[in-house]
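Quick notes on the structure that follows.
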Amino acid sequence: MKIGVFGLSFAIRNLQIAILRLCLKIPQKRAKYCHPQYTPPVMRRFTLFAALILLIPSLVLALDYTPTARHLYRDSRTFGTAEVAGISLLTNLGVVQGNPGNVFAAQRGLNRAEFAKILISLPLAKTGFGLPEESGQGCFSDVLAGQWFTRSVCAAKGIGLVQGYSDGLFHPERPVLYAEALKMLAVLYDYTLDHHAGDAWFTQYVRAAGQHRTSLPISLEPGDAMTRGEMARLVAAFHAESVGELDLYRSAEQGHVISSPSSSASSSSSSSVASSSGSSSSSSLPSSSSSSVALNLPSRSHFLILGRRSQPLADASFFAEHEGVYVQSATVVLKAKITSIDAMFLADQDGRDIGQLSLSHYLDDSDKTWKGTFISSGGYVISKGTQQVLAIEVRLNPKNNGGFPGQLVQVDRWSVGVRGQDSESTWIVPAPATVYPKHETAQGTITAVANAGDAQSVLATGTYQVLGAFSFSAKALTGATVRLRNLEFQVSKAPSVAVMNWSLASPSGGTHLSCSVNGSTVSCSAIPPELGSIGRDPIVLRLYGDVAVDQGSVNPFLQVTLNQPGSLGDNGAVHWSDGASDYTWTELQSPIAKGTLWK
């Protein structure tokens, strides 16, 4: 009986999708069968459970592009405009939600288990049928009964979305690669695939996404691990395209259909663009005039990847006090000459380019000043009584074509030139004086570090005990390799617990590196390439030690943590190399990762 019910379910679903696709081609007047609330008679007689699953037209017609992400997630100020569109669409569909504390963490990576759960939650997925019971057996040897992702992964396997690696494992902890995401989505949305002899395994999926225009419109290699923000954009594009609304979604990505924000916090600095006898002045902005920032703002230190466009180097808020103004030019002075920069851009808070800047030898022969003059009439407007956050971004030269890893980039000062809409006066508005964040050019970066062990376990005594396990993920340009050089672990333990002979190794054995101890810090330095090189897949390193516990001790415990991410000028817990330059900081949060709590 169960097989018959689900067979009928699929038949009804396919009928609905066929009707939906036909309706999308019909002009404004649609038949009653195309109405979002229309349900075929056979479905009306179906069980309530099946009806809830199969009521697809009401779920897929007229997608909701309300920018929910702007006010729902506390870290929405770090989202780019396109990320706001993707995250909002999936949030409105009920597919994604924030982490504890209403934080979405768009820049964090996501693993295969998380992605499987997202796919299973999509309204048009072939996934509402036959989900295994909570107590059911796992479908891979590393996907066991009772884990939070077991039902999603096993359902995805059952409909052909996922399969194990050559070792027979699913590896739920591994980051989702762009090529893997394209494959799963292409299968989920029934793309026609065209495989040619000699193609890489992923080429047919990349090709199909390109034909459907659902590829991410950014520079991302098939082997690159994806962030949560990139995932949201990609999944949203596939879903919007499946219901004939891809153009509308792309418009939302550009900010054209996102309503004007009014309640989010503004950037921390602002300049007044009021004209008084043609002069400029600066003042703090009243809190009532704050606006939302959709770029990754406020600007903070980033690794600037060669050959790619950067995150904002600097930002400031500009307030049109007495009249609206046209933004006609921008001048940026860097702290030092940077040969790796190919072009510079002035962008608004929604990620739209206002204009491009180039080196100005006329203003400064030291190659530190960049100048751009934009459209002379009309152009970008800051309306009277409103504030706009503007940001500076750069595009880097590729390696071997003017781009060099390890260069420090920092804005010293910058300004914009404006013309009043009413007075026709022109004047220069300096961005508020502040210390802008430092950035560093690189060929790659460490994207994630996580605990690769249990959250808590029993503290065992004896020699060569595992005291911590951490996974490391990275992105690198083709031909470059991210490699760990030094790790500094902070050890928290009860006085009754003693550890000697600390060492670092991979779970498979091989090379063992002896580590030194200074107080509560365990330093593992000069990590060899065979141990510390991070390729396409993440690596796992374990920290070992000889453990002794005083007899009769009460509540002994031990925990190892990679603590400080560091910053430019302040060494962190993870030192690494991109093959050409060494780095002593990461863009990760503090603490970077906490290991197993042994008790």
Output yes when [X] and [Y] qualify as a salt bridge under the 4.0 Å nitrogen-oxygen rule, no when they do not.
{"X": "R112", "Y": "E173", "value": "no"}
{"X": "E230", "Y": "R108", "value": "no"}
{"X": "R207", "Y": "D199", "value": "yes"}
{"X": "R228", "Y": "E83", "value": "no"}
{"X": "E253", "Y": "R233", "value": "yes"}

Using 0.5 Å steps for rounding, measure from the [atom1] atom of [X] to the [atom2] atom of [Y].
{"X": "D546", "Y": "T463", "atom1": "CG", "atom2": "OG1", "result": "5.5 Å"}
{"X": "L63", "Y": "E245", "atom1": "CG", "atom2": "CD", "result": "4.5 Å"}
{"X": "Q490", "Y": "I592", "atom1": "CD", "atom2": "CD1", "result": "11.0 Å"}
{"X": "L234", "Y": "S215", "atom1": "CG", "atom2": "OG", "result": "8.0 Å"}
{"X": "E488", "Y": "S525", "atom1": "CD", "atom2": "OG", "result": "7.0 Å"}
{"X": "S496", "Y": "L558", "atom1": "OG", "atom2": "CG", "result": "10.0 Å"}

Can you say whether the rings of [X] and [Y] are parallel (under 30°), tilted (30 to 60°) or perpendicular (over 60°)?
{"X": "Y191", "Y": "H212", "answer": "parallel"}
{"X": "Y544", "Y": "Y464", "answer": "parallel"}
{"X": "H171", "Y": "Y165", "answer": "perpendicular"}

**Request:** May I have the step-by-step check of side chain to side chain donor-acceptor pair (under 3.5 Å) for E241 and T214, ending in yes or no?
**Result:** CA-CA 7 Å; E241 193 269 345; T214 49; 5.8 Å; no
Would you check if there is a donor-acceptor pair between the side chains of [Y] and [X] at a distance under 3.5 Å?
{"X": "T596", "Y": "D454", "answer": "no"}
{"X": "S506", "Y": "S508", "answer": "yes"}
{"X": "W598", "Y": "Q456", "answer": "no"}
{"X": "Q443", "Y": "K399", "answer": "yes"}

**Item:** Stacked cation flag K493 on F557, 6.0 angstrom / 45 deg
**Value:** no
**Prompt:** Is the cationic atom of R542 (NZ for Lys, CZ for Arg) positioned less than 6.0 Å from the six-membered ring centroid of F470 and within 45 degrees of its normal?
**Reply:** no
**Message:** For the CG atom on N518, are there more than 12 heavy atoms of other groups (residues, nucleotides or ligands in this structure) within a distance under 6.0 Å?
**Reply:** no
**Message:** side chain to side chain contact (heavy atoms under 4.5 Å, CB included) for V497 and D550? Distances and angles first, verdict last.
**Reply:** CA-CA 7 Å; V497 177; D550 292 344; over 6 Å; no
If we ignore hydrogens and angles and just use 3.5 Å, is the side chain of [X] paired with the main-chain N or O of [Y] as donor and acceptor?
{"X": "S88", "Y": "T68", "value": "yes"}
{"X": "R250", "Y": "R213", "value": "yes"}
{"X": "D75", "Y": "V103", "value": "no"}
{"X": "N111", "Y": "E114", "value": "yes"}

**Message:** Is it the case that the ring center of Y583 lies less than 6.0 angstrom away from the ring center of F303?
**Reply:** yes
**Message:** Assess the residue pair L504 and T511 against the criterion (side chain to side chain contact (heavy atoms under 4.5 Å, CB included)); give the C-alpha distance rounded to whole Å, side-chain angles, the decisive distance to 0.1 Å, and a yes or no.
**Reply:** CA-CA 8 Å; L504 190 70; T511 302; over 6 Å; no
